[in-house]
Structures are given as structure tokens and as C-alpha cells.
Amino acid sequence: MKKTVEEHAARFSKIAADYDESQDSDEYKACASLVVNHADPGPDDVVLDLGTGTGAIALALAPNAKRVVGRDISEGMMEQAKQKAEKQRIENVEFGRGSFREPDYDGEVDVVVSNFAMHHLSDDEKREAIEVISGLGPQKFVLGDVMFFGEPDPEEPFYSPEVDDPSTVGHLVDCLTDAGFALTAVERVHDQVGVLVAERFGVDSDADSESAA
């Protein structure tokens with residue numbers, strides 16, 4: 001991580017009021033839409049949105065989910081999310097402080113999502129974060145983010161090198177598979193933007209078998 005958690009939190013709180021308006025690129029919009037579509041929670045599903053920001057993904061998923069929990073390090077961003085939830089009269093969503101490696105959540109979770117947030121972590125920190133996510137027991141993890149499908153063009157970075165630390169798709173895939181996930185979809189939005197869908201199969205059936213035994 002090129003900045004401390006506190007530095008990132010302060011930076012995002014400072015820009016929180018104008019954040020939604022600033023995220024107007026076609027790539028960002030396409031990425032967010034793919035994350036929502038792939039998450040596809042059912043009425044009995046609990047969703048955890050890490051790096052929830054102003055709650056765009058969390059609020060989009062809430063109408064179809066049982067419950068959505070948003071976690072972020074920026075109080076300013078979460079305040080925007082809470083205001084939006086209240087304005088839209090969405091009651092099955094909650095926001096609280098938490099990070100990728102310390103989400104401060106130990107409840108039931110079926111789907112974990114994250115959009116345009118994990119790229120602030122280093123490669124090793126991403127691996128640790130994905131292990132933490134796996135430990136929460138979700139059946140599905142949908143990650144939309146800045147990631148390198150090839151060698152990035154230094155003249156046209158889709159990120160800010162001074163604060164961002166994107167990984168290659170290969171590294172993210174290795175982290176996900178090492179944590180027990182199977183990759184079920186790879187969506188290439190841009191040479192430096194994509195969505196990865198990782199799922200775990202047979203967990204429930206194995207538990208049922210053990211119960212039957």
C-alpha cells in the first residue's frame with residue numbers, strides 16, 4: 001500500500017461529496033454494471049461490499065438481496081452512502097468501518113463484492129485480503145478493479161501511480177485459486193480494467209454429507 005490506511009481514508013473523505021460525479025468514465029460504469037450483474041444475489045443472500053465507498057454497488061444490490069453490509073475506511077464516503085440509502089428508502093443495507101484485511105464482520109455472508117478499491121493494496125496485501133475474504137465463507141466473490149491484462153501503457157495509465165498499486169490478472173487469479181475459489185468468469189473492460197468472478201462449489205453439499213454421516 002503506497003499510502004497508509006489513514007491517509008487513504010482522509011483523501012477519500014475529502015472528495016466524498018463529489019466522488020459519484022467524478023466517476024463518469026465508460027470503463028468505470030461498465031465495470032460497476034458487470035459487478036452488479038455477476039453478483040446477482042437472491043432474496044435469501046447476504047452480501048458484503050468491501051470498499052463500498054458511497055454505496056453505489058451496495059444500494060444497487062439491496063433490492064434483490066436479503067441484506068447488504070458495506071464496509072469502508074472513509075467516514076466521509078460512508079456518510080454519503082447512508083444519505084443515499086435514506087433518500088432511496090432502502091432499509092436492508094448497513095454501512096460501517098472496515099477494510100479488506102480487517103472487515104470487522106463475522107456474520108453470515110453469501111456473496112462478497114468489491115469495485116475499484118482493492119488496487120490500493122500491494123500484491124502481498126491483496127493475497128492476504130483474499131484469504132480473509134475466503135475465511136468469511138462466501139460462495140461467490142466478484143472483484144471489479146484496475147488490473148493489468150498485459151503490459152500497461154505508461155503514457156495512458158488508468159490509475160494514479162502515486163497512490164494506486166494494481167496487480168496483473170495472473171496474480172489475482174493465483175490469489176483466488178490459492179484461497180479455494182474457482183474462477184468462473186473474466187470480463188476484460190479495458191487493458192487495465194476488468195471483473196473477476198470467483199466461486200466455491202461443493203461446500204454445502206459436503207456439509208450435508210457430513211451431517212448425514
Side-chain angles (χ1 to χ4, degrees), residues 1 5 8-9 12 19-20 23 27-41 45-62 65 67-74 77-78 81 93-105 109-148 158-159 163-169 171-173 175-177 179-181 183-187 189-190 192-200:
M1 183 180 289
V5 170
H8 277 300
F12 279 106
Y19 183 79
D20 288 347
Q23 302 303 309
E27 291 84 359
Y28 179 87
K29 293 176 181 177
C31 191
S33 179
L34 285 167
V35 169
V36 171
N37 289 341
H38 278 294
D40 191 28
D45 287 337
V46 175
V47 180
L48 175 62
D49 181 14
L50 294 174
T52 191
T54 63
I57 302 297
L59 296 174
L61 295 174
R67 179 168 168 248
V68 179
V69 177
R71 290 287 184 262
D72 204 279
I73 59 173
S74 167
M77 297 286 271
M78 285 188 289
V93 62
E94 65 173 78
F95 298 100
R97 194 184 191 287
S99 66
F100 283 106
R101 292 174 293 163
E102 296 181 0
D104 193 23
Y105 180 75
V109 59
D110 301 288
V111 181
V112 175
V113 297
S114 182
N115 189 54
F116 267 63
M118 193 178 277
H119 62 270
H120 297 301
L121 304 181
S122 68
D123 280 356
D124 288 343
E125 289 167 338
K126 291 187 187 77
R127 177 174 290 279
E128 182 182 346
I130 289 171
E131 289 173 353
V132 170
I133 290 167
S134 177
L136 296 173
Q139 294 297 305
K140 183 189 296 185
F141 174 35
V142 184
L143 173 64
D145 207 355
V146 183
M147 59 184 72
F148 300 143
F158 202 87
Y159 64 103
V163 294
D164 299 334
D165 199 3
S167 296
T168 64
V169 172
H171 175 73
L172 294 171
V173 170
C175 292
L176 289 164
T177 55
F181 290 101
L183 210 66
T184 56
V186 178
E187 300 276 11
V189 175
H190 178 277
Q192 300 175 41
V193 179
V195 175
L196 305 181
V197 183
E199 300 184 64
R200 296 195 294 189

**Message:** Please check: side-chain N/O of K140 versus main-chain N/O of D40, any donor-acceptor pairing under 3.5 Å?
**Reply:** no
**Prompt:** What distance separates E131 CD from L176 CG, expressed to the nearest 0.5 Å?
**Reply:** 11.0 Å
**Asked** Donor-acceptor pair, S134 side chain versus A179 backbone, under 3.5 Å?
**Response** yes
**Heavy-atom pair of closest approach, residues R67 and Y105** = NH1-OH, 3.4 Å
**Reported CD-to-CZ distance for the pair E125 and F100, which is rounded to 0.5 angstrom** = 11.0 Å
**Request:** Identify the heavy atoms of R101 and P103 that sit nearest to each other, and give their distance.
**Result:** C-CD, 3.6 Å
**Request:** Report the C-alpha separation of F116 and V193 in whole Å, then their side-chain angles, then the decisive distance to 0.1 Å, and conclude whether the side chain to side chain contact (heavy atoms under 4.5 Å, CB included) test is met.
**Result:** CA-CA 9 Å; F116 267 63; V193 179; 3.9 Å; yes
**Request:** Without swapping roles, check the side chain of D72 against the backbone of S74 for a donor-acceptor pair under 3.5 Å.
**Result:** yes
**Item:** Closest heavy-atom pair and its distance - G144, C31
**Value:** CA-SG, 3.6 Å
**Message:** Taking atom CD as the centre, does E102 end up with more than 12 heavy-atom neighbours from other residues, nucleotides or ligands that are less than 6.0 angstrom away?
**Reply:** no
**Asked** Roughly how far, to the nearest 0.5 Å, is the CZ atom of R97 from the CG atom of D104?
**Response** 9.0 Å
**Prompt:** Can you check whether D49 reaches F95 side chain to side chain, under 4.5 Å on heavy atoms?
**Reply:** no
**Asked** Distance-only, no hydrogens or angles: does the R200 side chain make a donor-acceptor pair with backbone N or O of P138 under 3.5 Å?
**Response** yes
**Message:** Between V146 and D164, is there a side-chain heavy-atom distance shorter than 4.5 Å?
**Reply:** no
**Asked** Can you say whether the rings of F181 and F141 are parallel (under 30°), tilted (30 to 60°) or perpendicular (over 60°)?
**Response** tilted
**Item:** Nearest heavy-atom neighbours spanning A185 and H38
**Value:** CB-CE1, 3.9 Å
**Prompt:** In Å and rounded to the nearest 0.5 Å, what is the CG to CG distance from D110 to L136?
**Reply:** 11.5 Å
**Item:** Heavy-atom pair of closest approach, residues I57 and A32
**Value:** CD1-O, 3.8 Å
**Asked** After noting the C-alpha distance and the side-chain angles of Y28 and V189, does the key distance pass the side chain to side chain contact (heavy atoms under 4.5 Å, CB included) rule?
**Response** CA-CA 9 Å; Y28 179 87; V189 175; over 6 Å; no
**Request:** Calculate, to the nearest 0.5 Å, the distance between atoms OG and CG belonging to S167 and D123 respectively.
**Result:** 3.5 Å
**Complete:** Value for CG (L50) from CZ (R71), rounded to nearest 0.5 Å, stands at 9.0 Å
**Donor-acceptor pair between D165 and H119 side chains, under 3.5 angstrom** = no
**Complete:** On a heavy-atom basis, the closest approach of M118 and A129 is CE-CB, 4.3 Å
